[in-house]
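The basis for the numbers below is simple: all heavy atoms, side chains too, and nothing from hydrogens, waters or symmetry mates.
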Amino acid sequence: MSSPTTKPRDYLFDNCKAFLILMVVLGHFTEGSYQHTDFLYTLKWLIVSFHMPAFIFISGYFSKRELSLSALIWKLGVPYLVYEVVYYLLYTLVLHRPTSLALMFPKFSLWYILALFVWRLVTPYVKKIPHHFLLSIAAGLLIGCVDGMPSNFLSIPRILVFYPFFLAGMYCDRSWITRLRTKTSRLASLAGVVAFIIFLVLEPRHKELSVKIFYGRYSYEFLGQDPIAGILCRIICYAVGAFMTFAILMLMTERQTAFSYIGTRTMAIYIFHGLTYSCLRRGTPLLDHINTLAGSFILIAFCILLTGVFSLPQFTSITNRIASLSLPQHPLPHRPVLPPFHRPENRLFIWKSTFYPR
């Protein structure tokens with residue numbers, strides 16, 4: 001029970017984060033088989049259209065307080081290095097996959113930690129630039145025109161593509177959400193989500209595109225688009241991500257639920273599900289051969305189970321310790337207390353008092 005001086009938890013955001021981290025797990029575990037069934041195909045398109053924009057928006061919302069460079073290094077930079085080493089050891093010692101400890105090329109989902117570090121580092125300076133929000137959108141659109149950048153180098157494309165959602169979260173005020181959460185906006189949000197799902201099910205032309213248009217990582221040329229078509233497509237992706245983020249904030253309950261606590265433990269789920277996915281995807285063929293509706297539901301149940309397991313204190317304590325690493329504090333050497341005459345600051349005063357009395 002919180003004390004009178006403790007700020008009460010905002011269960012709306014806890015519930016949103018719990019839902020979104022499950023979507024992240026599902027999004028990854030369906031990667032190998034989503035093209036095998038219509039159900040998984042539609043689910044994959046739905047998930048990737050909003051899970052990262054919404055998650056990044058909430059990350060921005062909780063990043064209003066500026067942190068010093070040293071705090072960011074210990075809070076995000078050091079964990080990023082630790083997890084990169086863990087992935088390197090997993091790939092080389094367990095999965096026997098040739099790889100290198102290339103810190104400039106984040107492995108799997110670690111790009112998000114690097115992106116958070118960069119966003120929180122540069123945003124205090126970016127906010128001083130006039131029209132910086134519009135410029136961030138322009139940068140996210142134009143980076144898709146750049147082809148030939150080393151694959152995943154510093155996750156620069158994704159950092160730029162998703163940055164507007166981080167900024168939007170930083171500028172969002174909780175009172176705005178409260179005022180918007182009316183019955184009308186909830187009904188409109190629900191109608192919009194249902195309409196989008198129907199579109200994904202019935203409209204065939206979007207299937208000519210790759211689901212990777214939502215990833216933010218790839219250039220327009222890689223996606224088979226010319227610059228104009230690619231920019232227009234990304235604008236639509238921005239609009240879909242923004243609407244779905246809004247819809248989640250409108251439709252999610254503000255009450256404490258049985259899964260609210262999961263929203264406070266997303267980092268452990270994010271890290272350990274990635275390690276598990278890497279083992280299953282790279283070490284076994286299981287995730288590549290799900291081609292039935294029954295198998296799809298089993299996969300979903302497995303992802304829900306993983307989310308619950310990795311939210312246990314045994315896992316969250318590990319990520320919390322890594323996020324709390326700091327240099328050991330060495331005590332200052334003991335200095336003996338000297339009599340007044342022997343203290344350096346008093347010697348000159350005593351000498352002057354002796355030879356130049358007042």
Side-chain angles (χ1 to χ4, degrees), residues 23-24 27-28 30-35 40-57 59-60 102 104-119 122-123 126 129 131-169 196-197 199-246:
M23 294 299 102
V24 170
H28 285 147
T30 56
E31 183 68 27
S33 296
Y34 75 90
Q35 293 179 320
L40 282 184
Y41 190 86
T42 302
L43 180 64
K44 179 72 172 181
W45 270 86
L46 179 64
I47 289 174
V48 299
S49 69
F50 72 87
H51 73 320
M52 289 316 299
F55 222 129
I56 292 167
F57 175 90
S59 296
M104 299 294 102
F105 298 85
K107 290 181 172 57
F108 192 54
S109 60
L110 297 184
W111 72 268
Y112 185 61
I113 301 177
L114 177 61
L116 281 177
F117 176 84
V118 173
W119 291 331
V122 305
T123 297
V126 171
I129 302 174
H131 312 295
H132 56 271
F133 185 74
L134 293 177
L135 290 176
S136 71
I137 295 176
L141 296 174
L142 293 176
I143 190 64
C145 299
V146 178
D147 195 60
M149 181 182 296
S151 177
N152 204 33
F153 176 69
L154 288 175
S155 287
I156 291 175
R158 280 188 284 206
I159 288 175
L160 292 176
V161 169
F162 291 118
Y163 189 40
F165 293 101
F166 184 83
L167 285 175
F196 182 54
I197 294 174
F199 169 83
L200 292 177
V201 173
L202 300 180
E203 202 283 325
R205 285 175 296 179
H206 77 277
K207 297 181 180 180
E208 299 174 2
L209 300 171
S210 170
V211 72
K212 294 179 180 180
I213 60 174
F214 288 103
Y215 288 14
R217 174 179 176 177
Y218 302 103
S219 67
Y220 300 139
E221 182 176 341
F222 178 89
L223 296 170
Q225 301 171 319
D226 62 75
I228 300 299
I231 289 174
L232 292 175
C233 182
R234 184 157 292 175
I235 290 174
I236 295 173
C237 291
Y238 272 154
V240 171
F243 169 76
M244 293 295 287
T245 299
F246 172 82

For a 4.5 angstrom cut-off between non-hydrogen side-chain atoms, does [X] reach [Y]?
| X | Y | result |
| --- | --- | --- |
| Leu43 | Tyr34 | no |
| Leu167 | Trp119 | no |
| Phe105 | Phe153 | yes |
| Ser136 | Phe166 | no |
| Ile143 | Arg234 | yes |
| Leu116 | Ser59 | yes |
| Val146 | Pro157 | no |
| Met52 | Tyr112 | yes |

- prompt: Taking the six-membered ring for Trp, are Phe243 and Phe246 parallel (under 30°), tilted (30 to 60°) or perpendicular (over 60°)?
  reply: tilted
- prompt: Using 30° and 60° as the class limits, which term best fits the ring planes of Phe162 and Phe165: parallel, tilted or perpendicular?
  reply: tilted
What closest approach, in Å, do [X] and [Y] show between heavy atoms, and which atom pair accounts for it?
| X | Y | result |
| --- | --- | --- |
| Tyr220 | Asp226 | CB-O, 4.3 Å |
| Ser33 | Leu40 | O-CD1, 3.8 Å |
| Tyr41 | Gln35 | CD1-CA, 4.2 Å |
| Val24 | Phe55 | CG2-CD1, 4.0 Å |
| Phe108 | Trp111 | O-CD1, 3.5 Å |
| Pro53 | Thr245 | C-OG1, 3.8 Å |

message: Checking Glu31 now: which residues fulfil salt bridge (charged side-chain N to carboxylate O under 4.0 Å, His left out) with it, not counting sequence neighbours?
response: Lys44
[atom2] on [Y] to [atom1] on [X], rounded to 0.5 Å:
| X | Y | atom1 | atom2 | result |
| --- | --- | --- | --- | --- |
| Ile197 | Ser49 | CD1 | OG | 9.0 Å |
| Phe222 | Asp147 | CZ | CG | 9.5 Å |
| His28 | Ile47 | NE2 | CD1 | 10.5 Å |
| Gln225 | Leu209 | CD | CG | 6.0 Å |

message: Does Ile228, at its CD1 atom, have more than 12 non-hydrogen atoms belonging to other residues, nucleotides or ligands within less than 6.0 Å?
response: no
query: Picking from Leu114, Ile159, Val118, what satisfies side chain to side chain contact (heavy atoms under 4.5 Å, CB included) with Leu154?
result: Leu114
Between the side chain of [X] and the main-chain N/O of [Y], is any donor-acceptor distance below 3.5 Å?
| X | Y | result |
| --- | --- | --- |
| Tyr238 | Val161 | yes |
| Trp45 | Val211 | no |
| Thr30 | Gly27 | yes |

message: Among residues at least two apart in sequence or on other chains, which ones pass side chain to side chain donor-acceptor pair (under 3.5 Å) with Glu203?
response: Arg205, His206
- line: Sorted by chain and residue number, the side chain to side chain donor-acceptor pair (under 3.5 Å) partners of Ser155 (sequence neighbours excluded) come out as Asn152
